[in-house]
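Some notes on the structure that comes next.
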Amino acid sequence: MPTAAAPIISSVQKLVLYETRARYFLVGSNHAETKYRVLKIDRTEPKDLVIIDDRHVYTQQEVRELLGRLDLGNRTKMGQKGSSGLFRAVSAFGVVGFVRFLEGYYIVLITKRRKMADIGGHAIYKIEDTNMIYIPNDSVRISHPDEARYLRIFQNVDLSSNFYFSYSYDLSHSLQYNLTVLRMPLEMLKSETTQTRQESFDIFEDEGLITQGGSELLIYGRPVYVTLIARRSSKFAGTRFLKRGANCEGDVANEVETEQILCDASVMSFTAGSYSSYVQVRGSVPLYWSQDISTMMPKPPITLDQADPFAHVAALHFDQMLQRFGSPIIILNLVKEREKRKHERILSEELVAAVMYLNQFLPPEHTIIYIPWDMAKYTKSKLCNVLDRLNVIAESVVKKTGFFVNRPDSYCSILRPDEKWNELGGCVIPTGRLQTGVLRTNCVDCLDRTNTAQFMVGKCALAYQLYSLGLIDKPNLQFDTDAVRLFEELYEDHGDTLSLQYGGSQLVHRVKTYRKIAPWTQHSKDIMQTLSRYYSNAFSDADRQDSINLFLGVFHPTEGKPHLWELPTDFYLHHKNTMRLLPTRRSYTYWWTPEVIKHLPLPYDEVICAANLKKLIVKKFHKYEEEIDIHNEFFRPYELSSFDDTFCLAMTSSARDFMPKTVGIDPSPFTVRKPDETGKSVLGNKSNRDEAVLQRKTAASAPPPPSEEAASSSSEDDSGTDREEEGSVSQRSTPVKMADSGDSAKVTENVVQPMKEVYGINLSDGLLEEDLSIYTRFVQLGQSQHRQDKSSQQLYSRCPDGVIKLTPISAFSQDNIYEVQPPRVDRKSTEIFQAHIQAGQGITQPLGKEDTSMYREYIRNRYL
């Protein structure tokens, strides 16, 4: 057992599916192809799923022998060489799961993947392509006429868009939760939760729809990764007008948990590195409400479906949030407050009444904070700056909730305390800070207005995160800097993805729209996005809703019952209390879970207690085993790597994609720049296109890293392993523009700037005699500078060459600007270094007992 807890790296990262007439054999291996597992799937059962896992770890030689025996035993005639009894069906990188409609089961495999982000050395992959294979053999298949239609509906959910997974990092939980689990005392983890090694065939199981993006912020050569993760709830999921409000269990529509992670990429380890995260939530108003789309209106009227005077559904929802995030829960309501015809205001009035009712029973220090702000009204006003007002709200929110960071406050913040930093909330612990509470933002659709508000809150939190890691001197970020432009692009991609999934189109109003700096061409794009959203809501949302219900398992096809397309509504599928007797209702006053309220402001899910420990699966590993060796998993020393295929060089970078390409510009990503100075605008400016073409590097024009694809097996490799076909990034070409000889002088004139403009002095001109003598004097002063003991200090004496000898005065015993005392080395370290020198000369030292036993233990664990 290691001295500290560590995340387990999945031992199955490459898969090959082999086929015989009676069975499928799913052969999985780790990335180094040193350990193998075999899963046997029976094909003789027409409707049942029979899976056999022998729980044995094979070596490469053992797997080859096993597959050879299977091939020989399944041939039609003994000794026949022409035909094979074992067929290689497909190569994959993971298993999404098994699904059944009206006939037998299907297996869904991930056949292509692409690395999209990196968190502490843990790779995050995007699913690029999948393969759905029917398991039962054709001889036992019982056909059903509606099977093909269910299969088509299921495949309408495109798994190759915005589904992500990791072999070693838990994407379904926040960074704060994951690192809190790793910091648990080992004595507690050794108790009832410990299980044996290789308990099951580890496969990837999706927890919901997750969108992610990662970018690199380069701060004077120091790489900092900014990662944005969105976790969409799989409960009460659906499309825009068909899923509104909340269901009977308190799950709201379009609920998305957004987390921004900041990490210092120069240090990879979770224990030694610096990591910070901030979480916020969006979701529909937690009430029973809907909109009737049969009227074919752009804005259908809002209807409250049920009277809820005791805020029962809101109580269930906020109880869930207190359990997941702690207190305070802050509601930022962006719906309209003043309207000629009462429309959005219906929701505001009901939500205010619900919050006021629930708050009167909560302890005063844990009450729900409600912030109403009519964003649409302020947007129309010419005198009000929307983002300035949002920035004020963001500052107050971040101060109340705090953020997560895994290191204590830096010493510089103690020496030079900042007023804003001292007012920061959250929970301060010896190892850093914890975020307690969360901001819940909503408008009617939770798309355009919500995304801009979340961007402003995220921008404010990003400043505090950078300050906590010692990267900026004040927790404040300005617009029109490379860092904020990179962060804004991340949030716009994030908002476009969520808007496409829920509303059927990209964002209509963006951050530039609310800053009122959007170009005139943006208005036509907004109109097209509005029309696209209206068309999707009117004609295609019903089919998309059926696909979501089938994909998430909300509807289970059953023989003899109505089919999915025959249901008049899916209300009964999402509201389970309509199909059974009402359970015992909660108290109208004590509406929270007692265990949750005891541990506030900390979230109950992160508290170390018996109930939470039962949710963990703990396995014992030796400290040298590869299941917890993140160094080998990240660097992979056993395979050949090239710079073109390295993820950190292909990801979006502030220095390459946003910093101006001209010489003499401050490279800091926190410097405010004019709109025409950014790297992206230079590429679009016709007058500077020649300069951009000449100075652009290959990496700057590189497309995203290509999908990894399993290559077909060669005749020499029968072990079931496959090599990743990363795709040659070296095929990328630098754009070159051919210019005439007459134009070459003009191009050179644009690229090469005058030396006077760049350095402030023209070095080609001769120096003045006075300047030259000052420089010579400075050089001689530096050459003669040396240390003297304080006991032998003498008066200054002037040398014959006119150079003054100075005696350093310092609080330290031995130091000055030119000379540093070397550190003292103990005797043991000196002996080790001398033994190292002798070993290089061929003089070997005899191994001690401890070294011999350690080497034997390593060989036994690695190869035996």
Side-chain angles (χ1 to χ4, degrees), residues 153-154 156-158 162 208-211 230-258 281-306 308 313-314 316-317 320-321 334-335 343-344 346-347 350-351 440-451 495 497-505 533-555 564-565 567-579:
I153 293 174
F154 181 84
N156 281 341
V157 177
D158 188 8
N162 308 306
L209 188 58
I210 301 174
T211 64
R231 304 178 185 91
R232 180 183 286 280
S233 174
S234 59
K235 300 177 181 178
F236 203 51
T239 55
R240 183 186 178 198
F241 285 128
L242 298 180
K243 286 293 165 284
R244 295 294 209 187
N247 63 4
C248 62
E249 298 179 349
D251 305 313
V252 297
N254 196 24
E255 182 177 10
V256 182
E257 177 185 324
T258 302
V281 178
R282 70 173 71 183
S284 187
V285 179
L287 304 169
Y288 288 122
W289 65 281
S290 62
Q291 287 181 281
D292 185 13
I293 60 173
S294 61
T295 56
M296 296 295 291
M297 298 173 59
K299 291 185 178 181
I302 294 176
T303 306
L304 294 175
D305 298 331
Q306 296 183 28
D308 194 6
V313 65
L316 292 174
H317 176 67
Q320 292 178 10
M321 297 197 69
L334 302 175
V335 303
H343 182 63
E344 296 184 9
I346 299 173
L347 301 177
E350 289 294 322
L351 183 59
R440 185 193 189 279
T441 310
N442 72 268
C443 51
V444 177
D445 298 326
C446 301
L447 296 178
D448 301 340
R449 288 174 282 180
T450 298
N451 198 72
T497 303
L498 297 178
S499 184
L500 279 169
Q501 294 167 3
Y502 185 65
S505 72
R533 184 176 295 183
Y534 174 74
Y535 176 83
S536 176
N537 300 152
F539 300 104
S540 63
D541 275 5
D543 295 334
R544 291 172 56 210
Q545 185 65 55
D546 288 344
S547 301
I548 293 172
N549 290 338
L550 184 63
F551 180 81
L552 295 178
V554 178
F555 176 83
L564 178 61
W565 52 87
L567 297 178
T569 177
D570 64 349
F571 180 83
Y572 308 100
L573 302 177
H574 294 273
H575 296 264
K576 298 180 180 179
N577 60 350
T578 58
M579 303 298 292

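One-based numbering along the sequence shown. Nothing here was measured: the structure is a model prediction, and the numbers come from that model. Quick note: numbers below take in every heavy atom, side chains included, and nothing from hydrogens, waters or symmetry partners.
- Taking CG of L287 as the start and CD of Q306 as the end, the distance is 11.0 Å to the nearest 0.5 Å.
- Residues passing the side chain to side chain contact (heavy atoms under 4.5 Å, CB included) test with D158, sequence neighbours excluded: S160, S161.
- Rounding to the nearest 0.5 Å gives a distance of 14.5 Å between CD1 of I153 and CZ of R544.
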>> Before you tell me yes or no, could you show the steps for H574 and N549 under side-chain hydrogen bond (donor to acceptor under 3.5 Å, both in side chains), namely the whole-Å CA-CA distance, both residues' side-chain angles and the distance that decides it to 0.1 Å?
In response: CA-CA 9 Å; H574 294 273; N549 290 338; 3.0 Å; yes
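- Residues V256 and A230 come closest through the heavy atom pair CG1-CB, 3.8 Å.
- Partners of H575 under the ring-ring contact (aromatic ring centres under 6.0 Å, His included) rule, at least two apart in sequence or in another chain, are F236, F571.
- The residues D445 and R244 are annotated as salt-bridged, a charged nitrogen and a carboxylate oxygen being separated by less than 4.0 angstrom.
- Between L498 atom CG and C446 atom SG the span is 10.5 Å, to the nearest 0.5 Å.
- With sequence neighbours excluded, no residue forms a side-chain hydrogen bond (donor to acceptor under 3.5 Å, both in side chains) with E350.
- The CD atom of Q320 sits 6.5 Å away from atom NZ of K235, with the distance rounded to the nearest 0.5 Å.
- V313 is linked by a side chain to side chain contact (heavy atoms under 4.5 Å, CB included) to A246, Y288, D308, counting only residues two or more places apart in sequence or in another chain.
- Taking 4.5 Å as the limit, some side-chain heavy atom of R232 sits within range of a side-chain heavy atom of N254.
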> Between Y502 and T239, is a side chain to side chain contact (heavy atoms under 4.5 Å, CB included) present by the stated rule, with each step listed?
Replying inline: CA-CA 5 Å; Y502 185 65; T239 55; 5.6 Å; no
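- Of the N and O atoms on the side chains of R282 and N451, at least one donor lies less than 3.5 Å from an acceptor on the other residue.
- D305 and S290 share a donor-acceptor pair across their side chains, judged by distance under 3.5 Å alone.
- Here the shortest heavy-atom pairing between G245 and S284 reads N-OG, 3.0 Å.
- Although no hydrogens or angles enter the test, the distance criterion places a donor-acceptor pair under 3.5 Å between the side chain of R449 and the main chain of L334.
- In terms of the ring-ring contact (aromatic ring centres under 6.0 Å, His included) criterion, residue partners of F154 (sequence neighbours excluded) are, by chain and number, F101, F551.
- In this structure, the side chain to side chain contact (heavy atoms under 4.5 Å, CB included) partners of I302, at least two apart in sequence or on a different chain, are W289, Q291, H343, L347.
- L573 is listed as a side-chain neighbour of L567, based on a closest heavy-atom distance under 4.5 Å.
- Taking 4.0 Å as the cut-off between side-chain N and carboxylate O, D570 and K243 count as a salt-bridged pair.
- Between the side chain of N247 and the backbone N or O of G250 there is at least one donor-acceptor pair closer than 3.5 Å.
- Between the OG1 atom in T258 and the CZ atom in R231 there is a gap of 9.0 Å [rounded to 0.5 Å].
- Shortest non-hydrogen contact noted between A237 and I548 is O-CG2, 4.0 Å.
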> Yes or no on side chain to side chain contact (heavy atoms under 4.5 Å, CB included) for H317 and R440, after CA distance, side-chain angles and deciding distance?
Replying inline: CA-CA 12 Å; H317 176 67; R440 185 193 189 279; 2.9 Å; yes
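- With rounding to the nearest 0.5 Å, the separation of CD in Q545 from CZ in F241 is 13.5 Å.
- Shortest non-hydrogen contact noted between G283 and N442 is O-CB, 3.1 Å.
- Shortest non-hydrogen contact noted between S547 and N156 is OG-CB, 3.1 Å.
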